Amino acid sequence: GDWGFQVVDISNPELPVTEGSLSILGYAEGVAVQGSSAFVAISDQGLMAVDISSPLSPLVVGELHLGGVAQGVTVQGDLALIAAGNRGLQVVDIRVSASPGILDSVDTPGSAWSVTIQGDFAYIADRNEGLQIVNISGHAPIAIAGSVDTPGDAFGVAVHDDLAFV
């Protein structure tokens, strides 16, 4: 959101309570959590790594400026994948949260809006260019493996089994 990063206790879904928060410059467009770290895609900034081991006081531990937008983020293992608008898909090494670094990238034909991972593939909602499928297996530089144009703009994507939902 535009009011920063929020940690909300949802142990009682009927009475959610904000536990902690963090002011940020820009909009928190997407959040992914792995262990005691949250990775936040911040609109015009890039990626912010946040230590959430103490939910009452989240702490920024690292940042990666992309020189463009960051619309969405997902994490798997040592990687964060960022849907970076006109800069396509950015693959980031997050082994050390304090110093995330770009490992690879691929320019998508549209504007990468959101991303999810299943196996060796990233699935990107690429706004006016539909769904882009990128091989991230690590055996070669990442590349678009396939795509399908969807009617209208593609803003979100989810994958379950052998189906992508856009």
Side-chain angles (χ1 to χ4, degrees), residues 5 7 10 24 26-53 58 60-166:
F5 173 74
V7 179
I10 57 169
I24 59 173
Y27 295 96
E29 299 282 357
V31 178
V33 174
Q34 182 167 276
S36 61
S37 296
F39 298 91
V40 185
I42 302 175
S43 57
D44 295 331
Q45 302 295 316
L47 183 71
M48 181 173 67
V50 179
D51 179 347
I52 55 171
S53 58
V60 175
V61 294
E63 295 180 82
L64 175 64
H65 296 280
L66 296 175
V69 301
Q71 294 295 141
V73 61
T74 190
V75 295
Q76 177 176 290
D78 295 338
L79 300 178
L81 276 65
I82 303 169
N86 293 333
R87 295 183 52 135
L89 178 69
Q90 306 291 312
V91 180
V92 177
D93 181 349
I94 57 170
R95 283 179 287 189
V96 179
S97 295
S99 58
I102 295 175
L103 291 175
D104 207 345
S105 65
V106 65
D107 189 16
T108 57
S111 181
W113 205 264
S114 68
V115 60
T116 191
I117 303 171
Q118 182 172 310
D120 289 338
F121 294 91
Y123 300 84
I124 300 133
D126 203 34
R127 198 157 177 191
N128 58 324
E129 293 293 331
L131 176 68
Q132 304 296 316
I133 303 168
V134 175
N135 185 332
I136 58 167
S137 64
H139 301 298
I142 64 172
I144 295 175
S147 65
V148 63
D149 197 6
T150 57
D153 288 342
F155 289 105
V157 60
V159 174
H160 180 72
D161 294 332
D162 289 335
L163 297 174
F165 302 89
V166 184

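The analysis underlying the following values was restricted to heavy atoms, covering all of them including side chains, and did not include hydrogens, waters or symmetry mates. What you see is a predicted model; the values in this text were computed from it and never measured.
Heavy-atom minimum distance, Gly130 versus Thr150: CA-OG1, 3.3 Å. Annotation for Ala125 and Gly156: closest pair CB-N, 3.6 Å, computed over non-hydrogen atoms. Between Val159 and Thr116 the shortest heavy-atom distance is CG2-CG2, 3.7 Å. Nearest heavy-atom pair, Glu29 versus Gln71, reported as atom, atom and distance to 0.1 Å: CB-O, 3.2 Å. Here the shortest heavy-atom pairing between Pro100 and Leu64 reads O-CD1, 3.7 Å. Closest approach of Ala84 and Leu66 over heavy atoms only: CB-CD1, 4.3 Å.
Side chain of Asp104 to backbone of Ile142: a donor-acceptor contact under 3.5 angstrom is found. At distances below 3.5 Å, not a single donor-acceptor pair connects side-chain atoms of Asp161 with backbone N or O atoms of Leu163.
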Hey, can you pull the donor-acceptor pairs under 3.5 Å for the side chains in residues 30-41, sequence neighbours left out?
unit_1	atom_1	unit_2	atom_2	d
Gln34	OE1	Gly77	N	3.4
Gln34	NE2	Gly77	O	2.7
Ser37	OG	Ser97	OG	3.4

Show every donor-acceptor pair shorter than 3.5 Å between a side-chain atom in residues 106-114 and any protein atom, with sequence neighbours excluded, or say none if there are none.
unit_1	atom_1	unit_2	atom_2	d
Thr108	OG1	Asp126	OD1	2.7
Thr108	OG1	Asp126	OD2	3.4
Ser114	OG	Phe155	O	3.1
Ser114	OG	Val157	N	3.4

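Of the residues Asp78, Asp93, Ile136, the one that meets the side-chain contact (heavy atoms from CB on, under 4.5 Å) test with Leu103 is Asp93.
Residues Val73 and Val115 have side chains not in contact (no heavy-atom distance under 4.5 Å, counting atoms from C-beta outward). You'll find the side chain of Leu47 reaches within 4.5 Å of the side chain of Val92, heavy atoms only.
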